[in-house]
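Heads up: the structure comes next, in structure tokens.
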Amino acid sequence: MESKFKRILYGGDYNPNQWSREIWEKDMEYFKDARINSATINVFSWAKLQPSEEEYNFAELDDIVDMLSKEGYDIVLATSTASMPAWLFRKYPEVARTDYQGRHHKFGQRHNACPNSAIYQKYAKALVEQLAGRYAQNEHVTCWHINNEYGGECYCENCEKAFRVWLKKKYQSISALNRAWNLEFWGHTVYDWDEIVLPNLLGDGMENGISTSFAGLSIDYRRFMSDSLLGNYKMERDIIRAYDKDATITTNLMGTYKWLDYFKWAKEMDIVSWDNYPGYNTPWSYTAMRHDLMRGLKDAPFMLMEQTPSQQNWQPYNSLKKPGQMRAQSYQTIAHGADTIQFFQLRRSVGGCEKFHGAVIAHVGTNDTRVFREVKQLGEELERLGTATLGSVNEAQAGILFDWDNYWALEYTSGPTKDLTYVNQIYQYYNFFYEKNIAVNMIPFDADFSKYKVVVAPVLYMVKEGMQEALTEFVKNGGILITTFMSGIVDQSDNVYLGGYPGPLRELAGVWVEEIDALAPEQTNTITFHDGTKIPCSMLCDLMHVEGARCLAEYSTDFYAGTPAITKNQFGKGSTYYIGTNMNSDGIAKVLEMAMAEAGVASVIDEATELEITCRKADTCAYYFVMNFKEKELAVPSCFVGYTDAITGENIKSGDTMAKFDVKIIPVAY
Ligand SMILES: [Zn+2]
């Protein structure tokens, strides 16, 4: 696959406008020393670019662009629309958002424009017209970065009006909407579009947005809000595109961020970019999952738009990255499909809430720091690596279904348990693949399933139109489907499929789930596999009957002892595994190992190891990324002996070991 870039972009957010010109010159020297070749600029400069409604001033931005252009930087040019100037709020209070509690906000913070404010749209559009007209033809502007970390929501009157228009388009008639949201429940029937009230705390929302009395309404509001913000993005993108039809345009996403349907967003983006901020205790496998999700959005290499070189400021505990950790994290990012490594930020700000956020140049203002040296080391290594890995692809025979509608719907449900969270369930299954070094793609509900041997669909609570047919076709033709409790329950509007769970998946799974038991945290059950293995289970237990499926494990206690907990159903040339309860990782591994053996899906290499290993395929060779994230030395797998590490140029010998945070990139010719 051809990369969007001619080299690995290595740099990050740079705000010279916060500094004097002498410092700019010094920065250029330092950055060159660290092999930094890219800068993301103009992320929050609207107030400076437009001091008043009538006046623009691009003098300083011109200077910054000129300086970076002369130095040969790849410029990632942001549009500055994520933080509005004070005068705009003062003159047009409607540009601010109204929050879930119904409070209309004032000037302050950022990421706070009402996406449905015509005034916000007008002024954002005018600014982007100016920027695109001025800089789109600059060959050093390699990428456009629209807005910043889109997110949040607005509950203002403009949004309410726009929501009604959105609903009218979707449902056509008020009776269809009444049916979709089942408004007869609690006597909520509406007779006019203007009777529809958005679901905030003053309306149908409950518990600060955690739950809602009509999930269909709240899920539609989520879809509408995601679409509204996406509309803002598309507006800016289209302006830039008009000035440069070949521009690479993105906006920085945030991994498993809940409130935007990123699969839908990615369709509008030329390349996915994202900001990776693991906490001090985030497992490496969790970060890997989020990288794979970001790659999966377009099934293509992505940009790492932001990571900190050292520490963050907004987590409860902002631990330093230990020596070697930033480098290892950067390689893990490339291992999962990144074509860029960019930091937030290049120089640490003097004030504001991010003054404790790490940067390449710290407050001391020199390059004589541990962090700088580590950034420089990585810069030199990436420069040596050159273009080798750019555009290479991560292939997988297994896919995990990730779907934002399901994310929202599952977490809006009132019952059967409050402990069920979407991403945690996905992660438990992802972690199996991670531990085994089996390549896996994160895939949307409308993916081409025929590309996969195995599709895992944990808690596929909402089965949308077309999913039943697609999954049936997949299994019929020999695919292996793994699904779980709380699957096949509702349609796109959160109304239950009548006729027994798991609704549209019942025939595929060959089971009927009659009841769902919820276990409190202090309660557990156990399941027993037919080879005698006992595995504890918790949270939810499906009470089910087999309808053609074979039972693989049964509950051991409670009144449903001896009834099926895990089943397998042959269907056409394939089969469906149904996991009726929440197991620990051993239980999940036991079932998934069976499924992988049946499907013939193997690990990236043939040897068992505790190292993380991924593979990116280029035209003439496969690049194996071998990484040690464990607290101990680990042996390099023997299959790599005799090959060369592309980072060091050294030959790999028998008996070689890797210390914690060590990374090797090993090209193996086809
Ligand atoms: Zn609004």
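Numbers here are sequence positions counted from 1. These numbers come from a predicted model, not from an experiment. Read the numbers this way: they start at 1 and go in the same order the structure lists the ligands and their atoms.
Listed by chain and number, the protein N, O or S atoms at a distance under 2.8 Å from the Zn ion (ligand 1) are C114 SG, C154 SG, C156 SG, C159 SG.
Q315 CD: more than 12 foreign heavy atoms inside a 6.0 Å radius. Within 6.0 Å of atom CZ in F356, 12 or fewer heavy atoms from other residues, nucleotides or ligands are found, so the atom counts as exposed in its surroundings.
Side chains of D99 and H105: a donor-acceptor N/O pair is present below 3.5 angstrom, by distance only. In summary, the side chains of D275 and Q307 do not present any donor paired with an acceptor at a separation below 3.5 Å, with no hydrogens or angles considered. Side-chain contact annotation: D204 with S213, donor-acceptor N/O pair under 3.5 Å present.
A tilted orientation is assigned to the rings of W259 and Y412, their planes being inclined by 30° to 60°.
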